[in-house]
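Numbering starts at 1 and runs along the sequence shown. Only heavy atoms go into these numbers, but all of them, side chains included; no hydrogens, no water, no symmetry mates.
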Amino acid sequence: MAHLLKKEKDYSYIEVGEGTPIIVLHGLMGGLSNFDAVTNYFGSNGYKVIIPELPIYTMSLVKTNVKSFANYLKDFIDFKGFDEVILLGNSLGGHIGLYHTKMYPKKVKGLVITGSSGLYESAMGSGYTKRSDYEVIKKKAQDVFYDPEVATKEIVDEVYATVNNRNKLVKTLAIAKSAIRHNMAGDLPKMHTPTCIIWGKNDTVTPPDVAVEFHNLLPDSDLYWINKCGHAAMMEHPEEFNKILNNWLESRQF
């Protein structure tokens, strides 16, 4: 990884740049390096980019849920002493950002979600019955992207190791159940935080109609599409993703 991990108190995180804080929330199988392009671009363009390592596999099983992670994020923001932040989340990270914003709206200046869970969870934690078969896991990792080549051997190896670790698999399934339990359809119409929705037109994990539903339910949202793009737009089309996000931040005067 290009960026050093800071360790303070109970937190491990990357911090790059100076300015308005953008806190990046990674997904279930997503490493911090998935956001390298976001970190490099915004960290050198007037923002402080912070990526905390979420305790997805280290929380006790009873606390392995969306609400606990949203509270963990609140504690982290308080620890850093930020008055206002922009939250950017992919997949499960988007769901955590949404749930945190629902509970603690005052500190969230803006919210950015991409391939977010929170409305539709069919793919999270499913299909691991053949987890010992490397080729099955490789295909599953490739299906996350429009271009299967984005799923490097390093990414596939990481997913394979995760699903073949019994503790991590149990936590993964607990999070999947929690995501279904914490469906946000009833909450979104009451959430007035400015929200930027950036979605891959070819996302098969959280399909395009999920983005449309988020857009329809969130009162102050803008929806942007990226073509030939799957579930992780910031990895598959980093330049386009950064351009869309930068234009949105400027249009909102953030």
Where do His3 and Asn40 land on the side-chain hydrogen bond (donor to acceptor under 3.5 Å, both in side chains) test, with the steps shown first? CA-CA 9 Å; His3 306 288; Asn40 293 334; 2.9 Å; yes

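- Under the 3.5 Å distance criterion, with hydrogens and angles disregarded, a donor-acceptor pair is assigned to the side chains of Ser68 and Asn65.
- Separation of atoms CD1 (Ile14) and CD (Glu53) is listed at 8.0 Å; rounding is to 0.5 Å.
- Atom CD of Glu239 sits in a sparse spot, with 12 or fewer heavy atoms from other residues, nucleotides or ligands closer than 6.0 Å.
- With rounding to the nearest 0.5 Å, the separation of CG in Leu25 from CD1 in Ile50 is 10.5 Å.
- A side-chain donor-acceptor contact under 3.5 Å links His26 to the backbone of Leu54.
- In plain terms, the two heavy atoms of Pro208 and Trp225 that are nearest each other are O-CH2, 3.3 Å.
- When all heavy atoms of Asp143 and Thr204 are compared, the pair lying nearest together is O-OG1, 3.2 Å.
- Nearest heavy atoms, Leu28 versus Tyr57: O-OH, 3.3 Å.
- Distance alone, capped at 3.5 Å, is enough to place a donor-acceptor pair between the Asn242 side chain and the Ala37 backbone.
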Full working for side chain to side chain contact (heavy atoms under 4.5 Å, CB included) between Lys67 and Ile96: CA-CA 7 Å; Lys67 186 175 181 179; Ile96 294 166; over 6 Å; no

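- For the pair Thr195 (side chain) and Thr193 (backbone), a donor-acceptor distance under 3.5 Å is present.
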Dump the intermediate steps for side chain to side chain contact (heavy atoms under 4.5 Å, CB included) on Tyr146 and Asn227, then the final yes or no. CA-CA 9 Å; Tyr146 175 79; Asn227 291 319; over 6 Å; no

Set out, in order, the CA-CA distance, both residues' side-chain angles and the distance that settles side chain to side chain contact (heavy atoms under 4.5 Å, CB included) for Leu249 and Tyr47, then state yes or no. CA-CA 11 Å; Leu249 292 168; Tyr47 295 91; 3.4 Å; yes

Mind running side-chain hydrogen bond (donor to acceptor under 3.5 Å, both in side chains) on Tyr41 and Asp36 for me, showing each step along the way? CA-CA 8 Å; Tyr41 181 85; Asp36 276 353; over 6 Å; no

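- Contact of the Pro21 side chain with the Ile86 side chain is not registered, since no non-hydrogen atoms from C-beta on lie closer than 4.5 Å.
- Ile244 and Ile226 make their closest contact through CD1-CG1, 3.7 Å (heavy atoms, listed as atom of the first residue, atom of the second, distance).
- Defined by atom type and a distance below 3.5 Å, a donor-acceptor pair is present between the side-chain atoms of Ser221 and His215.
- Dense packing is recorded around NZ of Lys107, with more than 12 heavy atoms of other residues, nucleotides or ligands lying under 6.0 Å away.
- Remark: side-chain polar atoms of Thr39 are paired, donor with acceptor, to backbone N or O of Phe35 under 3.5 angstrom.
- Atom CG of Leu88 and atom CG of Leu111 lie 9.0 Å apart (nearest 0.5 Å).
- The side chain to side chain contact (heavy atoms under 4.5 Å, CB included) test applied to Pro55 returns Thr58, Met59, Phe69, Tyr72, not counting sequence neighbours.
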Let me see the working for Ile22 and Leu87 under side chain to side chain contact (heavy atoms under 4.5 Å, CB included), right down to the final yes or no. CA-CA 6 Å; Ile22 297 177; Leu87 298 179; over 6 Å; no

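- For residues 183-212, the set of pairs meeting the salt bridge (Lys or Arg N to Asp or Glu O under 4.0 Å) definition, not counting sequence neighbours, comprises Lys102-Asp187.
- Within the structure, the ring pair (Phe, Tyr, Trp, His ring centres under 6.0 Å) test picks out the following pairs touching residues 154-179 (sequence neighbours left out): Tyr134-Tyr160.
- Below 30°, between 30° and 60°, or above 60°: for His182 and Tyr99 the angle between ring planes is above 60°, a perpendicular geometry.
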Test salt bridge (Lys or Arg N to Asp or Glu O under 4.0 Å) applied to Asp83 and Lys109, step by step: CA-CA 9 Å; Asp83 294 325; Lys109 196 175 186 176; over 6 Å; no

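- The two residues Ala141 and Val156 have their closest heavy-atom pair at CB-CG2, 4.1 Å.
- By the ring-ring contact (aromatic ring centres under 6.0 Å, His included) test, His231 pairs with no residue at all, sequence neighbours left out.
- In Lys138, the NZ atom is not crowded: 12 or fewer heavy atoms of neighbouring residues, nucleotides or ligands sit closer than 6.0 Å.
- The salt bridge (Lys or Arg N to Asp or Glu O under 4.0 Å) test applied to Asp75 returns no partner, not counting sequence neighbours.
- The two residues Leu119 and Asn183 have their closest heavy-atom pair at O-ND2, 3.2 Å.
- Using cut-offs of 30° and 60° on the angle between ring planes, the pair Trp248 and Phe254 is perpendicular.
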Stepwise, does the side-chain hydrogen bond (donor to acceptor under 3.5 Å, both in side chains) test hold for Thr162 with Lys168? CA-CA 6 Å; Thr162 297; Lys168 288 185 176 180; 4.7 Å; no

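- Within 6.0 Å of atom CG in Asn167, more than 12 heavy atoms from other residues, nucleotides or ligands are found, so the atom counts as buried in its surroundings.
- Atom CD1 of Ile198 is separated from atom NE2 of His237 by 13.0 Å, given to the nearest 0.5 angstrom.
- Judged by distance alone, with hydrogens and angles left aside, the side-chain atoms of Thr206 form no donor-acceptor pair with the main-chain N or O of Ser117 at under 3.5 Å.
- Taking Phe241 as the reference, nothing meets the ring-ring contact (aromatic ring centres under 6.0 Å, His included) condition, with sequence neighbours excluded.
- You'll find the side chain of Met184 reaches within 4.5 Å of the side chain of His95, heavy atoms only.
- In the displayed structure, Lys80 atom NZ is contacted under 6.0 Å by more than 12 heavy atoms of other residues, nucleotides or ligands.
- With contacts defined as side-chain heavy-atom distances shorter than 4.5 Å, the pair Val66/Leu92 qualifies.
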